[in-house]
Structures are given as structure tokens and as C-alpha cells.
Amino acid sequence: MKWTSSFIFTSRKPPADAETVSQKLMHQAGMIDKLISGVYSYLPLGLRVLKKVSDIIREEMNKAGAIEILMPGLQPASLWKKSKRFEKMGKDMIVFKDRHNREMLLGPTHEEVVSDIVKKYLKSWKNLPVMLYQIQTKFRDEIRPRFGIIRSREFLMKDCYSFDRTDQESEQSYFKMKEAYLKIFERCGLSVTIQTADSGVIGGKFSEEFVAAGDCAELEIGHIFKLGTDYSEKLNVVYVDNDGSEKPVVMGCYGIGVSRVVAAIIEGNYDEKGIIWPVSVAPFTAIILPLNMSDNNTVEIANKMHDELQSAKLDILLDDREESAGVKFADADLIGIPYRIILGRKIAEGKVEIVERKTKRSHDVGIENVRQFFYSVLRNHA
RNA sequence: CGGGGCGUAGCGCAGCUGGCUUAGCGCGCUUGGUUUGGGACCAAGAGGUCCCCAGUUCAAAUCUGGGCGCCCCGACCA
């Protein structure tokens, strides 16, 4: 990707009303754009990170045996009345009437819908266990949206639901998820603590939340619940057991605020110059900085290197702007690219300088060895 | 919803107390030139419903009233 055609716009100063580190840096780095309070667009740089995080989550969910689906954001209020949560959620839900005067809402979560699905297809104990998940946009009319993306009214969430035959088997699903969560957060470069928590509106028997370390007080970034048979009884999600009797399934649900994870990663990985992405979620692994754009040789090598690394499936950004070295360094630091490939003085000797954003460690590498250098970097981070 | 703060060029701000005709500054942007290892320099430019509506006044960014929006603190949430 070349900077001049990438729709990346950084700014020298953060917006005056941003308070939190992640909020400031995401704006300044041009990752997100605010439409209204608590509602954001993801610009290319932000979307890349969001995708990396989503992919990590997806991999670990799949490994844990969960199956991906995609449920609708638009839901009928009637379903929520059945589960007795329509009143309970109350004003947190965005409710409106459609043209037929039916009460509709934008889903703040999906226990009702997923239960409705499973109910239709689940017949025998032989169909169990089942774990279904999705990565999808949730809508919550928060009392007070704040801290940018950290508490927003529209956000991306991974929600997974487990259906089991017995409490013991449900317990096993719960632990599988807990393990998967720890793996996910580790891969995202987050250190988390687990605390038992109030189950709130979701309800159920027991829940634990995953809290990311960082400067921001919020985060809670994940929450897992043992739901028991609350929902399955109210929504009639039953199966026939091996003794021929009909029983409610035992449920669990497991959420991760994907957009909040992105913010949490920043809260835990930055310095005075900007973001420091872990390689696993970085929008680009490396950025090529041709310092002297009026030197034809430099520009030519930069372009060749960009094409070569890109075709080697590396996430590579080439800063091809006619900007001074200072601007390029400052922006590379701000947007937090883990490796900087500097095409400067040593280009005459056929060498580039590769600098690690986090440690500031620098390596002189021959132009023909750059690709090899990144292969080993990625191997170490795999 | 209660409390506090803010709204002037793309961004950051000054001007408002004590109304005055062409509303400023820094950064960014455009053009030309000089630069090229840490946000460079010179010159010339472009860019504004001063959040909206109403009122007071000869005259409103500035005073008054109402509205809208945004941020922060509290209770809830991924």
C-alpha cells in the first residue's frame, strides 16, 4: 500500500475534546472518524486493526469448536417480550416502529435470536453440544457514551453462545471459552485479569469479566456467563434426552467487545510519540521511508522493495509522500508501525536501516536481505 | 437524568468583560523556488452561515432568551 493512495490522514494535534489516550491517538492517527457522540466510522487504518483482531478471535473461536454464523441486527420486539427482557433492557435499546406499525429494535445482544434459531433445529441430545458465534455490530443507546470507541452506541462485538445437555457439559464449554479468551488476549498483546462479576441484564447464574491492564478505567473487554436454563425455559429451547423426556438446554454466553479491544491495546501500548502496535494486530508490519524523494535511486529502490514485500504477502506501507524526513518519522511513530525501513544515507552502500518502533533497536540490512529479515520477524511472532 | 465546561477556516486557538464598519493568529492546504536523517525555509495565494432561531440596538461573534450539538464527572454496560 502506498501512502498517497491509502486515505490515511494524520493530524498534528488531537481534537480538543478527546480525553483518553486511545481516543486521542485513534483520531490523530486517522483510524476513526466521529459522526455523532458514540458513533464512529472506521477509516482504512482503523479497519485494518479491527480486522486483525477479528481474525485472531475467529481463529481461536474455531479452534475451541465454535461455529460462525451471522445474525440480524434488526429484531422484533415481540421476541424480547417472550424472554421478559424488553422491559429490563428498557431505554438501552433503540426501539422504533416499522411501516406496518410493528415494534422493532436494533439488537443490543443476541440471546433471543440465537435461542430462536437453535430451538428450530435442535431435536435430540445427539445434536449437542453446540457453540455458535458471530462478529457483528451491536446497538446500545448508552446513557452516556464516552472515551471515544471505548463506550459507544454502535460497536463491533464477538458474541458466542453455548448449548449443552447438562450443567457439567455446560461447565466444560465455559472453560473452553475461558481458555480461548486468554489465548485471544495474549495474542493481541493484552494482559488481562479475570474477576467475578455481576451478571446484570444478561442474567444467569455466574459470570466473569476480563479486564485489560491500562490507563483507562473502563475496558472490561470480555465477559463470559453461565446462563443455566433461564433463557431456554422462557423461550422453550428443549431437546429430547436419551430417556425420552424433554429437557431445556443449558446455555452459556461469551462476549468480546472487538472495537474495545482495539482501544485497550492502544491504552497498553503507546509512548509520547504515538501508538506502538504489537506485530499481531498492526495495520502494517513495516513502513518504508524513502527520506529523499528527489533522489531517483531512492525512489526506485523504495518502489521495488514495496512491490517485492507486498507480493511476499507482507503488510507493507510505503510513505511515498513528498514530505520531509521529520514528518515521515513522526507519522510512522504516531500510527505505530512496528518496523521502519529507512532508505537514507546508506542506500549508496546498498543498505537500509530497519528500526523497531518499540525498542528503538536498529539493524543495517542489505537491500536484498530485507525480505528474509521479515520472514524471521513473522516466524517469531507466529 | 443531575453537576461542570465548550461551540469562531480542515485542526488548535485569540477576539466577547466595555457592541463599530475589511474577524485575526499558529498549523495544515494551493502555486513557484530552495532543501532532504526528526514535524525545514522564502515568496505569493485560497479558505468563514462566528452552532441555529428569535429579541435588544443606528449597529451583534460580542448583550438577552430559547433551542441544538460536543466533552468531562456520577449510576449501567462489551
Side-chain angles (χ1 to χ4, degrees), chain A residues 9-20 23-24 27-28 30 33-39 53 57 88-93 107-110 135-160 181 184-185 192 197-203 207-212 217-225 253-264 272-274 289-295 298-299 319 321-334 340-347 352-353 355 360 362:
Chain A
F9 301 100
T10 59
S11 61
R12 204 153 179 165
K13 286 184 175 169
D17 56 16
E19 201 67 23
T20 322
Q23 194 180 355
K24 282 184 190 168
H27 271 112
Q28 220 181 322
D33 177 79
K34 182 170 72 185
L35 181 63
I36 50 172
S37 176
V39 180
V53 172
I57 292 175
K88 217 170 165 182
M89 272 280 180
K91 291 195 167 169
D92 286 345
M93 283 193 295
T109 178
H110 282 70
I135 294 174
Q136 191 244 23
T137 302
K138 298 286 185 276
F139 297 88
R140 296 186 189 175
D141 200 357
E142 291 287 341
I143 297 172
R144 179 153 91 86
R146 62 173 136 178
F147 305 142
I149 223 79
I150 292 179
R151 181 185 305 192
S152 48
R153 295 197 284 178
E154 180 177 335
F155 60 95
L156 195 66
M157 180 170 163
K158 186 284 303 178
D159 45 326
C160 180
Y181 272 41
I184 288 165
F185 297 134
V192 296
D198 178 29
S199 304
V201 204
I202 306 291
S207 84
E208 289 174 296
E209 58 188 28
F210 293 73
V211 182
E218 296 268 320
L219 289 170
E220 186 191 350
I221 52 176
H223 202 154
I224 56 180
F225 301 79
C253 74
Y254 318 90
I256 292 178
V258 184
S259 17
R260 195 178 270 187
V261 166
V262 174
E272 69 287 349
K273 291 181 175 172
L289 302 183
L291 296 188
N292 187 349
M293 291 297 288
S294 56
D295 178 56
T298 300
V299 173
D319 191 346
R321 295 175 300 171
E322 302 273 354
E323 288 287 356
S324 69
V327 169
K328 291 189 177 184
F329 285 142
D331 274 342
D333 287 340
L334 174 64
R340 212 156 72 178
I341 306 170
I342 303 168
L343 275 58
R345 296 187 190 108
K346 288 171 183 154
I347 205 76
V352 298
E353 188 182 341
V355 182
K360 300 185 173 71
S362 146

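A note on names: the letters A, B, ... follow the listed sequences, proteins ahead of strands, and every chain is numbered from 1. On a predicted model such as this, the values are computed, not experimentally measured, just so you know.
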Does the side chain of [X] get closer than 4.0 angstrom to OP1 or OP2 of [N] through an N or O atom?
X        : N     : answer
A:Lys346 : B:G37 : no
A:Arg144 : B:C73 : yes
A:Arg140 : B:C77 : no
A:Ser11  : B:G12 : no
A:Arg146 : B:C73 : yes
A:Gln28  : B:C27 : no

Write down the distance separating the [atom1] atoms in [N] and [M], rounded off to the nearest Å.
N     : M     : atom1 : result
B:C72 : B:C27 : C1'   : 26 Å
B:G39 : B:G28 : C1'   : 12 Å
B:C50 : B:A43 : C1'   : 31 Å
B:A54 : B:C71 : C1'   : 27 Å

Have a look at [X] and say if it touches a base, only the backbone sugar-phosphate, or nothing, with a 4.0 Å heavy-atom cut-off.
X        : result
A:Arg340 : base
A:Asp295 : nothing
A:Gly344 : base
A:Lys34  : sugar-phosphate
A:Gly326 : sugar-phosphate
A:Phe225 : sugar-phosphate
A:Asp17  : sugar-phosphate
A:Ile36  : sugar-phosphate
A:Glu322 : nothing
A:Ser207 : nothing
A:Pro108 : nothing
A:Asp331 : base

Practice task
Indicate yes or no: at least one non-hydrogen side-chain atom of A:Gln28 is less than 4.5 angstrom from one of A:Pro15.
Solution key: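 Contact flag for A:Gln28/A:Pro15 side chains = no.
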Problem - Pair A:Ser207, A:His223: side-chain N/O donor-acceptor within cut-off below 3.5 Å - result: yes
Handout entry: Side chain of A:Lys13 - closest among B:A78, B:G37, B:G12
Key =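 From the listed options, B:G12 comes nearest.
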Handout entry: For atom NE2 of A:His27 and atom P of B:G28, their distance in whole Å
Key =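 About 21 Å, once rounded to whole Å.
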Exercise for the section: Would you state whether a donor and an acceptor, one from the side chain of A:Asn292 and one from the base of B:G37, lie under 3.5 Å apart? Expected result: no
